[in-house]
Amino acid sequence: MKKLIAGNWKMNGSLAANEALLREIAAGLPTQAACAIAVCVPAPYLAQVHELIAAMPAVALGAQDVSSQAAGAFTGEVSASMLREFGCRYVIVGHSERRQYHGETDAMVADKAKAALAAGVTPIVCVGETLAEREAGQTEQVVKRQLAAVIHTNGHCISEIVVAYEPVWAIGTGKTATPEEAQVVHAVLRTQLKAATDQAARVKILYGGSMNAANAASLLAQADIDGGLIGGASLKAPDFLKIVAATPV
Ligand code: PGA
């Protein structure tokens with residue numbers, strides 16, 4: 001399966017900075033990248049980035065959140081069909097920052113994934129344990145509960161999602177799960193997907209959490225790590241390009 005390297009810009013960027021970053025990425029991308037590439041950008045910049053990447057066929061567009069509702073009186077929300085209209089192929093749902101700062105529950109995340117799928121946008125469903133949960137030996141239980149909600153709500157469509165395992169303690173901290181630690185959790189998620197669909201082998205399970213140019217190759221070499229969701233390092237073109245280059249076929 002082709003691996004996916006997705007940048008999560010979070011709440012960073014400006015019209016000028018986005019253009020400079022994408023121009024640098026475009027200049028450094030190999031003509032035939034071995035992996036699929038995406039950038040998940042803040043909603044106001046979707047139109048700008050959609051236009052800028054029109055000349056970069058290897059790069060797909062993604063958003064960082066979506067409403068679970070199709071339309072209506074939901075002030076501040078953005079629907080999946082709106083994302084679709086601006087060329088989004090992906091949308092991140094249930095990122096730990098949304099779960100933590102915006103009170104998103106497993107059920108809400110599952111509904112957002114459903115709304116995305118209904119509009120033809122691939123949800124990148126984030127799961128991951130906190131440091132306290134890991135230290136309490138609850139990692140498996142937590143990620144399985146988070147994924148179970150999405151499986152329950154999305155039934156046979158589950159093979160259409162992308163999963164991102166992002167240990168909360170590794171996000172933005174410079175601490176990365178070791179390749180072996182990450183693989184253990186990815187294998188658990190794969191097994192859970194296998195119980196839900198006979199297409200589990202083609203569901204991409206990304207790793208996220210301080211992935212960078214130095215550690216990408218060893219993480220991406222693991223059997224069940226099908227790509228990366230990259231925060232900080234996706235904002236620096238040389239780093240992002242190095243991760244792309246380090247991605248095994
Ligand atoms: P990070 O973020 O690479 O900066 O740790 C990853 C993410 O939150 O998606």
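Model, not experiment: these values are computed from the prediction.
Other residues, nucleotides and ligands place more than 12 heavy atoms under 6.0 Å from the CD atom of E77. By the 6.0 Å contact criterion, CE on M11 is open, its count of non-hydrogen atoms from other residues, nucleotides or ligands being 12 or less. The number of heavy atoms from other shown groups lying within 6.0 Å of CD (E51) does not exceed 12. H156 NE2: 12 or fewer foreign heavy atoms inside a 6.0 Å radius. By the neighbour-count criterion of 12 heavy atoms within 6.0 Å, atom NZ of K114 is sparsely surrounded, having that number or fewer from other residues, nucleotides or ligands.
Partner D226 forms a side-chain hydrogen bond (donor to acceptor under 3.5 Å, both in side chains) with one of R202, R190, K2 and no other, that one being R190. Remark: of the listed residues I158, I151, V163, I151 is the sole one forming a side chain to side chain contact (heavy atoms under 4.5 Å, CB included) with Q192.
H95 and E166 are linked by a side-chain donor-acceptor pair at a separation below 3.5 angstrom, with hydrogens and angles left out of the test. A donor atom on one side chain and an acceptor atom on the other are found under 3.5 Å apart for D224 and Q183.
The hydrophobic cluster containing I243 also contains L235, counting ILVMFWY residues as joined when their side-chain heavy atoms lie under 4.5 angstrom apart, directly or transitively. Hydrophobic clustering (ILVMFWY, side-chain heavy atoms < 4.5 Å, transitive): V121 and L46 are in one cluster.
Residues V66 and S79 have side chains not in contact (no heavy-atom distance under 4.5 Å, counting atoms from C-beta outward). The side-chain heavy atoms of I225 and I205, taken from C-beta on, include no pair separated by under 4.5 Å.
The aromatic ring centres of H186 and Y165 sit less than 6.0 Å apart.
For the atom pair OG1 (T122) and CD1 (I92), the distance works out to 12.5 Å, reported to the nearest 0.5 Å. The CD atom of Q48 lies 8.0 Å from the OG atom of S14; values are rounded to the nearest 0.5 Å. Between I53 atom CD1 and H50 atom NE2 the span is 6.5 Å, to the nearest 0.5 Å. The SG atom of C126 sits 5.5 Å away from the CG atom of L229 when rounded to the nearest 0.5 Å. To the nearest 0.5 angstrom, C88 atom SG is 10.0 Å from Q64 atom CD. For the atom pair CD1 (I230) and CG (N8), the distance works out to 9.5 Å, reported to the nearest 0.5 Å.
D239 meets the salt bridge (Lys or Arg N to Asp or Glu O under 4.0 Å) test with no other residue; sequence neighbours excluded. Partners of E181 by side-chain contact (heavy atoms from CB on, under 4.5 Å), not counting sequence neighbours, listed by chain and number: R134, W169, A177, T178.
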